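The model shown is predicted, which means the values in this text are computed figures rather than measured ones.
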Amino acid sequence: MSVRRSAPLTESPLVVASSVVAPLAVASSADEPKPISIWVHAVGPLAFLMLMVMRDHGLVAHAPVWSYCVAIFGSAIINKIIEGWRGVETGTWKLHVRSFCHVAAVTGTIYVSGWGPALGMAFLFSAQIDLDQLGALAWRPVLGWSVVGCATGQLLIFLELAPSLLKPSHAQTVGFLGAFVFAIAIRKAGETCEYKERTQAIIDQQAIQDTLAREALELSEAHHRAVVENAAEGIVTFGLDGTIRAFNNAAETMFGWRASEIVGRQLTAILPLELHGFLVEFCDAYRNEGPDAVSRHGVEIDALRRDGTRFPIMIATSAIKVDGSEGLISGLVRDLSQQKHFEEQLSHQATHDSLTGLPNRVMLQDRLDLALARARRNELMLGVLFIDLDRFKYVNDKLGHTAGDQLLVDAANRIGSVVRDTDTVARIGGDEFVVLCESNESVRDISDVAQRIVEAIERPFQLGETAEHEAYVSASIGIALSVHGQESSDDMLRKADTAMYRAKDGGRGRAELFDDAMQDWVSNRLETETALRRALVNDEFVLHYQPVVDVSTGQVASFEALIRWDRPEHGIVEPSEFITIAEETGMMREIGEWVLRESCREAADWSRRWPERCLGIAVNVSSRQLLGGAIVNVVVDALNAAGLDPALLTLELTESTLIDDAVSAAQQLGALRDLGVNVALDDFGTGYSSLTYLRNFPINIIKVDRSFVRTLGTDHDDTAIVAGVISLARNLNLKVVAEGIETHEQLATLIMLSCDYVQGYLFSPACAASEIAALVLGPTLGARIEAIAS
């Protein structure tokens, strides 16, 4: 190969451009905007044409045209393909192939042109392109392959296989010197690029961390704001000058201020006047003593709403101190309005009756203790009235609990309307009320209050729209007095309670004053109750029988069974001394069942001894027995056990028994009449609706009360009443028994009035079972009268 050495030693820009045309084209096509892409693709052909011109003028080696074509266009095509590879940055072998191709393009171009040794610095430009495209990762492969390319070119020149426009010695010297220079330059460029990348990576990482920290801070602040704004309790933040700095949603609702309206105002806008001075002291304490001085855990104070109303709050305060900023105080506020209202309700419920709204036993005890203390201090008279509503239970059972509750409410209102302003009315349970009377001049003042209560309760209670819902009750009242407040509250209530029971025993619907004798009565009553519980077990009860005489035949027609208590160490005890106690203690039902069984047994024995006489037996039945629900079964069991004909059994009931629960009583009596048992209305004429009973109840016997019989023949009115009763009974096909016959005049009048049966001491008092035979087999009524008269 011939070499032209006469060309001047210049660094032609065209030669340099042509030597790097492929990398430049690829880089530009990847990075430049689309409008200049046509110019980029024209660089190769333009360089080739200029090289051809320069070749013709001897400015470059006179190498074959095809070599220039291969060097420029071949390398450009290969580099174009390689530049399209993905992942060159991380794929080591691809990086080496790419670097090799770039170096081969430069080597081929500059060494074919004959300017290889002088233009070795072109490797710097090629390396810079690779570094720009691939980053610091490429400098070592680029440097390596650049050295290899330079060495290869110099070797080809040395072997005269490649053209050179320099002398051989100059070509080697310049070539290797250039290689040394560009090697150092590439290395420095690569290290600089690595440093820049590391620095940029650190900057990017720091930027990422700063961004994440900023986002975290913003998120934390957003969370904090969300927590504060949506907290269920109010949060108010204020400065040491008392200016409100923050006001959350709950605080807005609580105080009635919007945050935009209250922030910037003084905290005194939501505090009552008496707390303004305390606020100043509070803030001064922060300044003088530090944050610990304002830490408070749950302090109850009053606050002001926007409309000026006061309401209770609980506030817990704490100091907020941020570096470099003024100290703030945060208050966690809870509205206590509902809690206080609930506490007041609980307190009211604990001290008041839920039905009537009156003070209950707890409050009464407290007020009574205070009243007794005042009475001791001022030597005043104090009175306690214990009120019990008579027959309330039966009204409650008859009309239902709703009506019973209404009656209690109405009764409470009536009592409250007749007492004095200084008196306290309380309901202590069931149908029991207590009135505490203070400021009394004399016993008369207290008894007047009691009398007004009795009269107020006696009026009928209208518990519905019809007459059937009209109820009658009465009030039994016990009165206890304290002259100088020396008694305890328990003693006063106990004494009043005792007097109330004495009032019930005395006829109900009245007031009774406790005295010393009543204490003995209480002791005797308790003793009697205890002994009475043992009487049934010890078989201490006995039956006496009073004859009922048939006026038409003059013979004994039946007997009334009357219970007696043969109490040890006391002898025979009359019913009036223990029946009331038995009823009140619940023993009457068991005692009544024993009386019924024993009476039926005795009457059955009479039927066997004197079958022709058909002697009947009459048994008194109390309201507890009748309304207990089991009276029919008890009667059936007693009749079956004795083998007694039901027609020989008469059950006697008082009018008060029937009025307690007329509906239930009618059902029970109807079932008894269906058995064939007789039903007698005892003490007829003493009630207020006797004629109603005759119409609504299955009664077939009337017993005229002794109060009407007592003045027969001497009192015209009583005689007319008894005559009317007998006439009414005859028209209704009822039999009449007159009770309490003690004189001949009474008997004569009854005979004249055609009374069916008579009963009383004129014939015989109640006698033991052993004396029955003498009465049954003795003289007739006429003979007895003659004997008595003589």
Note, [X] side chain near [Y] side chain (heavy atom, < 4.5 Å):
| X | Y | answer |
| --- | --- | --- |
| D550 | Q555 | no |
| I591 | I563 | yes |
| I701 | D756 | no |
| L639 | V677 | yes |
| L651 | V635 | yes |
| R510 | S476 | no |
| S558 | I617 | no |
| E470 | Y472 | yes |

Backbone of [Y] reached by a side-chain donor or acceptor of [X] within 3.5 Å:
| X | Y | answer |
| --- | --- | --- |
| D423 | V419 | no |
| R452 | V418 | yes |
| Q546 | Q759 | no |
| Q746 | E742 | yes |
| R427 | G430 | yes |
| N731 | S727 | yes |
| N733 | A729 | no |
| S764 | G760 | no |
| D715 | T711 | no |
| D645 | A647 | yes |

Ionic contact status for E529 with R533, cut-off 4.0 Å: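 Judged by the 4.0 Å cut-off on N to carboxylate O distance, R533 and E529 do form a salt bridge.
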Sidechain N-carboxylate O distance under 4.0 Å for R534, E527: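 Answer for the salt bridge query: no.
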Selection residues 730-741 - residue pairs positive for salt bridge (charged side-chain N to carboxylate O under 4.0 Å, His left out), sequence neighbours left out: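 Non-adjacent pairs meeting salt bridge (charged side-chain N to carboxylate O under 4.0 Å, His left out): K703-E739.
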Reported [atom1]-to-[atom2] distance for the pair [X] and [Y], which is rounded to 0.5 angstrom:
| X | Y | atom1 | atom2 | answer |
| --- | --- | --- | --- | --- |
| L681 | I699 | CG | CD1 | 4.5 Å |
| R508 | I477 | CZ | CD1 | 14.5 Å |
| M492 | F386 | CE | CZ | 13.0 Å |
| I457 | S474 | CD1 | OG | 9.0 Å |

Parallel, tilted or perpendicular, as decided by the 30° and 60° cut-offs, for the rings of F559 and Y545: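 Ring orientation of Y545 relative to F559: perpendicular.
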Parallel, tilted or perpendicular: rings of W565 and F541 (30°, 60°):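 Geometry flag for W565 against F541: tilted rings.
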Reference residue L649; test side-chain contact (heavy atoms from CB on, under 4.5 Å); the match among L675, L596, N678: L596
[X] and [Y]: side-chain donor and acceptor closer than 3.5 Å?
| X | Y | value |
| --- | --- | --- |
| E560 | N620 | yes |
| E590 | W594 | no |
| D353 | T356 | yes |
| D682 | T654 | no |

Closest approach of F433 to D431 (non-hydrogen atoms, all atoms of both residues):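 Reported closest heavy-atom pair: CD1-O, 3.9 Å.
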Geometric cation-pi criterion R414 and F461, 6.0 Å radius, 45° cone: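 Positive - R414 is close enough to the ring of F461 and near enough to its axis.
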More than 12 heavy atoms from other groups under 6.0 Å of CZ on R361: no
More than 12 heavy atoms from other groups under 6.0 Å of CD on E569: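 Count not over threshold, so no.
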